[in-house]
Number of protein chains: 2
Amino acid sequence: MTISDVARAAGVSVATVSKVVNNRYGVSPATAERVLGVVAELGYESSLVARSLRQRSTNVVGVLVAGFEPYSTELLKGISSAVEGTGYELLAYSGGSDGGSMVGWERRSLSRLAGTLIDAAIVVTPTLVLTEAQGIPVVAIDPHTGPEGTPTVDSDNTSGAREAVEHLIGLGHRRIAHLGGRTDLESARLRELGYRQALAAAGIEVDPGWVRVGGYWPETADAPARELLDPPSGERPTAVFAANDQSAIHVLEVAAEKGLRVPEDLSVVGFDDIPESASCTPPLTTVAQPLHRMGAEALRMVLDLLQGTPREQHLRLPTSLVVRSSTGPAPSPR
Amino acid sequence: MTISDVARAAGVSVATVSKVVNNRYGVSPATAERVLGVVAELGYESSLVARSLRQRSTNVVGVLVAGFEPYSTELLKGISSAVEGTGYELLAYSGGSDGGSMVGWERRSLSRLAGTLIDAAIVVTPTLVLTEAQGIPVVAIDPHTGPEGTPTVDSDNTSGAREAVEHLIGLGHRRIAHLGGRTDLESARLRELGYRQALAAAGIEVDPGWVRVGGYWPETADAPARELLDPPSGERPTAVFAANDQSAIHVLEVAAEKGLRVPEDLSVVGFDDIPESASCTPPLTTVAQPLHRMGAEALRMVLDLLQGTPREQHLRLPTSLVVRSSTGPAPSPR
DNA sequence: TTGAAAGCGCTAACAT
DNA sequence: ATGTTAGCGCTTTCAA
């Protein structure tokens with residue numbers, strides 16, 4: 001079903017059909033009506049691809065993600081509700097989640113879509129600096145680096161992490177481990193920084209063996225979580241601050257498997273406050289990022305950029321501690 | 001950054017560049033190496049749009065949704081994990097969520113993307129029968145009609161609803177209202193059917209004023225929810241079975257606003273078991289649909305279709321009741 | 001081994 | 001008011 005089919009059926013040229021469906025001037029009412037009739041009858045709809053190849057703008061904003069997991073989908077919800085009424089449509093593209101060359105997925109996806117399919121892009125957790133080279137406005141959420149280059153939206157990772165660890169210290173914990181995030185993400189670095197700051201402020205020394213790389217994913221967090229809960233030598237920590245909810249939830253699972261009671265034997269704190277953190281067992285104490293709002297603000301920024309009225313370059317939103325049932329008083333020393 | 005830029009920089013024709021980047025035969029190692037060097041240097045990546053206009057297949061599966069809300073994003077998570085390792089990429093397109101002509105969004109989106117951008121599509125909650133006319137494999141999740149035409153994935157709405165209402169009856173409730181879903185969706189019809197079946201089996205008559213259309217969305221559920229909880233005449237129900245979690249959660253909010261205690265004064269049951277249903281106050285008793293699995297199965301089906309090895313046409317997955325804190329014994333009659 | 005040229009579906013400038 | 005034509009970036013014959 002192409003424009004030529006319509007043209008043939010209506011007995012006019014493709015140019016005329018194009019004019020009719022795009023409401024251009026220079027077509028007689030009679031012809032327009034006839035063409036519209038054929039369009040309706042055949043159920044013709046112009047191909048986004050062909051149209052965008054030819055035209056400058058598509059009215060589509062791209063959301064580039066590495067995969068659809070709880071973090072990116074929460075952002076997507078915020079972006080989606082913010083796009084309502086703006087006249088733009090959303091296209092979420094998951095490139096590079098697939099095996100092979102995950103590195104640089106954001107640049108690849110951007111190159112493949114920019115300039116043609118999408119007018120602007122929101123990139124979720126890019127791991128490298130996005131050059132503006134693609135020629136379209138780009139906003140990064142939770143970027144690799146601190147503010148530089150592309151406009152960004154993130155939350156106050158350091159202070160959020162500090163608050164989480166202060167909460168544990170306030171409960172009497174002294175042996176607090178950290179299951180870190182992805183080393184290639186600024187957020188992970190900042191959360192570890194907050195962890196260290198809180199411990200330093202309380203005069204607690206950090207045991208080097210209690211800081212592990214968890215990689216933000218359940219799979220990558222598995223081995224380090226087991227090492228933390230089953231230390232080959234030395235004492236087990238009484239609390240774990242995980243760099244995100246997905247790995248915190250995995251810690252919960254490993255703990256259950258090992259017969260550790262949470263929070264009696266072990267307290268666990270996460271980061272992000274994805275919906276799943278409220279429904280795991282026990283419900284997770286975590287540092288909430290305003291994910292919906294971050295998504296909505298990113299969309300607003302990217303549309304501002306598109307309309308040439310950029311406001312701020314970098315937006316940092318506050319976090320808040322949500323205390324649920326995975327944290328409790330430190331067990332008394334044996 | 002187009003293929004011509006690369007060709008010019010490498011001093012070859014665009015055809016040669018195309019051959020090199022697509023690993024076609026008939027290009028000398030020396031030339032190939034030089035071109036690859038330029039490609040790497042310039043960071044060239046072929047445009048998905050131009051490429052898909054010319055080629056038959058794109059290795060991209062489209063997921064067509066009306067918007068990114070908890071239901072569709074849960075499916076997306078399941079689809080996304082299932083796509084891993086298949087060599088396909090995912091493109092989630094939200095058309096028609098925007099004001100105007102929401103009706104027929106799925107056919108519009110399908111026409112715009114099929115045949116060019118995507119090789120196959122999963123359509124979430126289509127409201128009309130999808131004709132196969134677009135020429136690509138399509139699987140519908142939670143479709144408008146029962147099994148017919150396109151392959152579908154859904155869950156056992158009727159028995160799930162029955163179970164929910166039986167749970168309420170078992171708690172002593174007799175005055176049970178139903179906040180229905182979207183009248184244009186088969187799932188809503190089946191859930192109401194289950195509601196009526198359970199009441200009929202218990203010999204309880206349905207008060208016509210206690211069955212309202214809620215439309216699945218918080219906004220559309222607002223007015224009917226208020227009417228249910230504040231009946232202009234007659235008695236207030238002691239329990240509400242809402243057709244999905246989003247409207248059930250809204251009932252919780254309206255109840256809180258009116259000073260009704262849940263579950264002491266009012267029991268509420270939802271449907272879907274989206275993550276949010278565990279984190280609302282109080283946590284919601286609901287009928288769980290296996291959303292991740294439904295998404296994963298839909299992807300499997302659509303890939304089977306693509307490879308010409310279709311297995312089943314219609315897959316119906318079982319639901320299960322998740323009892324949380326929003327349901328309790330019926331209040332004793334005044 | 002390489003390049004010229006056609007064409008995918010569409011829009012826009014131009015000609016009739 | 002309508003049609004002809006060129007061209008968006010790319011792949012694919014086909015000819016050199």
Side-chain angles (χ1 to χ4, degrees), chain A residues 1-36 38-39 42-60 110-119 134-136, chain B residues 1-36 38-39 42-60 110-119 134-136:
Chain A
M1 188 49 43
T2 76
I3 197 174
S4 326
D5 298 326
V6 176
R8 200 173 313 115
V12 295
S13 71
V14 296
T16 302
V17 177
S18 176
K19 281 172 196 156
V20 170
V21 301
N22 291 295
N23 278 314
R24 297 277 177 278
Y25 297 113
V27 62
S28 80
T31 312
E33 197 184 344
R34 181 157 40 96
V35 171
L36 252 15
V38 174
V39 165
L42 267 50
Y44 165 77
E45 199 74 36
S46 75
S47 156
L48 218 209
V49 166
R51 158 183 291 233
S52 59
L53 187 56
R54 195 64 177 77
Q55 281 191 158
R56 194 65 148 328
S57 84
T58 56
N59 268 19
V60 176
L110 213 41
S111 298
R112 290 168 68 86
L113 304 181
T116 41
L117 238 206
I118 58 180
D119 292 350
Q134 322 299 348
I136 63 168
Chain B
M1 186 50 42
T2 75
I3 197 174
S4 326
D5 297 325
V6 176
R8 200 173 312 115
V12 295
S13 72
V14 296
T16 302
V17 177
S18 175
K19 282 171 194 155
V20 170
V21 301
N22 292 295
N23 278 316
R24 297 277 177 277
Y25 296 113
V27 80
S28 78
T31 312
E33 195 182 348
R34 181 157 40 93
V35 171
L36 252 15
V38 174
V39 165
L42 267 50
Y44 166 77
E45 199 72 38
S46 76
S47 155
L48 218 209
V49 166
R51 159 183 290 233
S52 59
L53 187 57
R54 194 64 175 78
Q55 281 190 158
R56 202 40 159 341
S57 85
T58 55
N59 269 20
V60 176
L110 211 43
S111 297
R112 291 168 66 86
L113 304 181
T116 40
L117 237 207
I118 58 181
D119 291 352
Q134 323 298 348
I136 63 168

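What you see is a predicted model; the values in this text were computed from it and never measured. All values below were derived from every heavy atom in this structure, side-chain atoms included, with hydrogens, water molecules and symmetry-related copies excluded.
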Side chain of [X] only, please: which of [options] is the nearest?
X	options	value
A:S28	D:dT2, C:dC10, D:dG9	D:dT2
A:Y44	D:dT2, C:dC10, D:dC10	C:dC10
B:A50	D:dT2, C:dG9, D:dG9	D:dG9
A:S13	D:dT4, D:dT11, C:dT11	D:dT4

Give one of base, sugar-phosphate or nothing for [X], where a contact means two heavy atoms less than 4.0 Å apart.
X	answer
A:T2	sugar-phosphate
A:T31	sugar-phosphate
B:V12	sugar-phosphate

Tell me which of A:A15 and A:P29 sits closer to the 5' end of DNA chain D, going by the nucleotide each one is nearest to.
->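 The 5'-side residue here is A:P29.
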Starting at [atom1] of [X] and ending at [atom2] of [N], how long is that distance when rounded to a whole Å?
X	N	atom1	atom2	result
B:R112	C:dC10	CZ	C1'	12 Å
B:I3	C:dG3	CD1	P	12 Å
B:Q55	D:dT12	CD	C1'	10 Å
A:L113	D:dG9	CG	P	15 Å
A:K19	D:dT4	NZ	C1'	10 Å
B:L117	D:dG9	CG	P	16 Å
B:D5	D:dC10	CG	C1'	13 Å
A:L53	D:dA6	CG	C1'	13 Å

Counting only side-chain N and O atoms of [X], is one of them less than 4.0 Å from OP1 or OP2 of [N]?
X	N	result
A:Y25	C:dA12	no
B:T16	C:dT2	no
B:R51	D:dG9	no
B:S47	D:dG9	no
A:R24	C:dA12	yes

Residues B:I136, B:D119; criterion side-chain contact (heavy atoms from CB on, under 4.5 Å); working and verdict = CA-CA 6 Å; B:I136 63 168; B:D119 291 352; over 6 Å; no
Any side-chain heavy-atom pair of A:T31 and A:V20 under 4.5 Å |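 Not touching, per the 4.5 Å side-chain cut-off.
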Does the side chain of A:L117 come within less than 4.5 Å of B:L117's, by heavy atoms?
->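 They are in contact (side-chain heavy atoms under 4.5 Å apart), so the answer is yes.
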Could you report the tightest heavy-atom contact between [X] and [Y], atom names first, then the distance?
X	Y	value
A:K19	A:G26	CD-O, 4.4 Å
B:S46	B:R51	OG-NE, 3.2 Å
A:S13	A:A7	C-CB, 3.8 Å
A:T58	A:S52	CG2-CB, 3.1 Å

Just how large is the angle between the end axes of the helix from C:dT1-D:dA16 to C:dT16-D:dA1, five pairs per end, to 10 degrees?
->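 Taking the rotation axis at each end, their angle is 50°.
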Establish whether the base of D:dG7 is bridged to the side chain of A:R54 by a donor-acceptor pair shorter than 3.5 Å.
->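 Donor-acceptor pair under 3.5 Å: yes.
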